[in-house]
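Worth saying up front: this structure is predicted, and the values here are computed from it rather than measured. To find a chain, count down the sequence lines: A is the first, B the second, and so on, and within it residues start at 1.
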2 protein chains.
Amino acid sequence: MATQKTKVTIFDVAKASGVSSSAVSYALNGKPGVSDTTRAKVLQVARELGWKPNGAAQSLAQSKTRRIGLILGYDPQLLAVEPYMMSLISGLGAELEEKDYSLLVRMSMDSDDEDSIIEDWVATSNVDAMLLLNLEIGDPRIDMMKQNPQMPVLAVADASLTAGLPTLASDDAAAVGLAVRHLYDLGHRNIARVAGPEELGHSYIRDAAFSEVTAELGVRYRCLHTDYTPAAGADATKRLLSVNPAPTAIIYDNDVMALAAEGVAAVNGVRVPQDLSIMSWDDSFMCEAAHPGITALNRDIVESGRIAASLMLKLIDGEEVDVVEEPPYVLRVRDSTGPAPER
Amino acid sequence: MATQKTKVTIFDVAKASGVSSSAVSYALNGKPGVSDTTRAKVLQVARELGWKPNGAAQSLAQSKTRRIGLILGYDPQLLAVEPYMMSLISGLGAELEEKDYSLLVRMSMDSDDEDSIIEDWVATSNVDAMLLLNLEIGDPRIDMMKQNPQMPVLAVADASLTAGLPTLASDDAAAVGLAVRHLYDLGHRNIARVAGPEELGHSYIRDAAFSEVTAELGVRYRCLHTDYTPAAGADATKRLLSVNPAPTAIIYDNDVMALAAEGVAAVNGVRVPQDLSIMSWDDSFMCEAAHPGITALNRDIVESGRIAASLMLKLIDGEEVDVVEEPPYVLRVRDSTGPAPER
DNA sequence: CAATGGTTCTGAAGCGATTCAGTGACGACT
DNA sequence: AGTCGTCACTGAATCGCTTCAGAACCATTG
């Protein structure tokens with residue numbers, strides 16, 4: 001509690017408690033080797049002096065940093081507007097906080113950058129484990145990590161992308177089923193999708209699932225790829241509405257695009273949901289606040305973050321982790337989807 | 001490049017290059033004390049062995065972590081939906097990355113938590129500097145930091161809240177002027193505001209500025225406080241619209257609430273902007289995607305993050321930093337504001 | 001009573017870098 | 001030829017902690 005002008009070390013605490021530095025270490029870390037009375041005394045003195053073990057020294061001595069690495073792909077626009085990353089961070093942070101770990105965050109401008117950050121972390125041991133996000137198909141980072149088995153890593157992605165790495169897996173295919181099924185049950189037989197960039201692994205997974213499910217149900221399906229921005233979403237919507245026959249329902253890969261689509265519809269006198277049903281893949285406050293409220297696939301991203309954190313802690317402890325499923329998607333039906341218009 | 005099974009240290013590099021460990025250190029850090037030829041040789045060997053200095057050892061030896069601390073207040077909902085924090089992180093991350101620093105992130109569940117994280121960072125030297133966000137009036141953290149001058153800190157807040165600490169200051173009062181002026185010029189004489197939680201320092205600053213500016217202009221003004229959620233925003237809107245005379249313009253402290261307000265208006269047959277003008281304090285894709293597009297106060301948060309990072313690096317270098325102004329707010333006029341309705 | 005065993009505690013050797021003081025070697029200058 | 005200075009390099013101390021091996025002490029036990 002008392003604030004100290006000069007740096008206080010374990011030896012100061014040792015001297016003040018009349019024991020050796022090793023005793024202090026044992027006392028503080030709850031290890032055997034000191035009596036209860038000296039332990040209490042030491043803790044007391046440590047508190048008075050406001051002493052905590054120096055992080056660097058501790059890391060060096062036990063080769064543990066109590067840090068977990070997260071690399072953010074640099075696109076401020078996207079990061080800011082997509083609730084995904086921030087939710088994940090919330091979950092990670094909350095869980096790690098309980099275990100006294102922290103999150104080390106770095107930003108990569110491109111994929112080379114990201115590779116070099118990974119190399120850096122492996123070489124410098126600046127983190128105890130790391131998270132792999134936004135995997136692409138045949139992602140080279142997977143091999144990098146396999147060649148450095150001393151650095152635990154958890155991939156958050158569809159299990160088909162992670163080649164046996166410990167994985168927190170989302171079941172995007174099941175979600176596709178939910179979404180399509182919902183629209184199918186409402187009578188839609190011609191649906192479209194406005195997706196994100198084609199290179200992203202999850203775009204690909206979803207593409208495949210959509211094609212498969214719609215084919216099975218005999219539903220007409222087409223897909224446009226965009227850069228996730230509302231402008232692109234609006235543009236794609238206009239194009240979709242101008243073909244003949246126009247889709248009666250459109251699913252957007254994120255919520256801003258769905259919101260923009262509602263605007264396009266309003267401007268063009270297309271009523272939602274009477275003339276056009278709109279769905280969003282991601283759910284957020286935005287979908288709730290929009291008018292009409294946007295039907296969305298919802299998942300507990302914060303919880304995913306917590307699970308991811310706990311899995312990494314397991315990996316750090318040397319436990320095996322294979323593939324763990326994320327909390328499943330849930331369909332939140334709001335007012336933007338309705339029965340398909342009579343033809 | 002070559003991947004190494006076992007941990008490689010500076011001594012391995014020294015042996016392989018036929019020099020001492022000190023020579024390796026000098027060579028790597030670009031310091032004098034080695035010839036150009038041995039320097040080249042050492043760097044070459046280091047690259048071949050894939051060696052980089054161990055982070056903990058380096059930190060311990062030079063008492064520098066190359067890390068900057070950021071504490072996130074835990075409210076996943078808010079964090080996720082407000083683009084502010086993620087944008088700030090983007091800016092911080094981008095700037096820090098260039099200087100080879102990283103961001104150490106922890107999450108606080110409440111303010112006691114946050115205090116103990118700060119104490120921890122001060123005592124363990126786990127970061128070289130830290131950021132102070134969401135200051136409240138008379139925030140105790142300011143005193144904590146003043147008592148520990150060895151830990152550089154930068155506050156991001158209105159300068160009136162930071163009691164002389166190095167500050168990246170936003171001029172919320174000027175922004176209030178912009179906003180009110182815009183509405184005033186459109187003929188509005190009865191405006192309302194839906195704000196965030198009253199405890200937040202910036203809420204208070206804005207409250208005061210609004211009262212002052214509207215009084216000056218002879219504009220009727222009232223303010224409701226909420227928890228920032230769209231539901232609360234919608235609710236506040238309904239209440240405001242039911243009073244007599246109802247305001248002809250409402251300013252919302254964030255964009256989800258403004259979006260929700262558009263929904264409320266639509267449901268109640270209130271036309272935007274003919275019957276009611278709506279503005280948002282924060283700008284994001286959401287305001288652009290909404291229909292009608294929401295007039296908003298826009299500021300370059302990413303740039304603020306970059307500036308904050310560079311200021312902290314200055315502080316770490318021992319330079320003085322007083323109060324630096326953030327990039328100013330800019331009014332982005334869209335379709336949600338228009339001339340005040342004739343009475 | 002010697003032997004054994006169990007606590008409690010200490011000294012010193014790590015961890016892997018940086019950095020200071022010191023040693024040769026060599027060239028330049030008087 | 002002798003001295004000085006510079007340059008390249010090395011050995012050892014240092015950062016602050018953990019942890020192992022062993023010392024000191026006391027209590028049991030056969």
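Of the possible polar contacts, one joining the B:D113 side chain to the B:M109 backbone as a donor-acceptor pair under 3.5 Å is found.
With a 4.5 Å cut-off on side-chain heavy atoms, A:D158 and A:H202 do not count as touching.
For B:S22 against D:dG11, a side-chain-to-base donor-acceptor contact under 3.5 Å is present.
We find that B:K52 and A:D120 are joined by a salt bridge, their nearest charged nitrogen and carboxylate oxygen being less than 4.0 Å apart.
Note on B:K52: only backbone sugar-phosphate atoms sit closer than 4.0 angstrom, heavy atoms only; bases stay farther off. Counting any heavy atom pair closer than 4.0 Å across all strands shown, A:T9 reaches sugar-phosphate atoms only and no base atom. Counting non-hydrogen atoms under 4.0 angstrom, A:T38 reaches the backbone sugars and phosphates but no base. Here A:S35 lies in heavy-atom contact (under 4.0 Å) with sugar-phosphate atoms only.
Closest approach of B:N134 to B:R141, counting heavy atoms only: O-NH2, 3.2 Å.
For the pair A:K7 and D:dG16, the criterion of a side-chain N or O lying under 4.0 Å from OP1 or OP2 is not met. Of the side-chain N and O atoms in B:W51, none sit less than 4.0 angstrom from OP1 or OP2 of C:dG16.
Ranking D:dC17, D:dT19, D:dT10 by closeness to the A:S25 side chain, first place goes to D:dT19. In the set C:dT18, C:dT10, D:dG16, the nucleotide with an atom closest to the side chain of B:L60 is D:dG16. The side chain of B:A61 approaches C:dT18 more closely than any other nucleotide in the set D:dT19, C:dT18, D:dT10.
Each of B:V34 and B:S63 was matched to the nucleotide of DNA chain D holding its nearest heavy atom; the match closer to the 5' end belongs to B:V34. If you find the closest nucleotide of DNA chain C to B:N29 and to A:T37, the one lying nearer the 5' end belongs to A:T37. For the pair B:Y26 and B:A57, nearest-nucleotide mapping onto DNA chain D gives the more 5' position to B:Y26.
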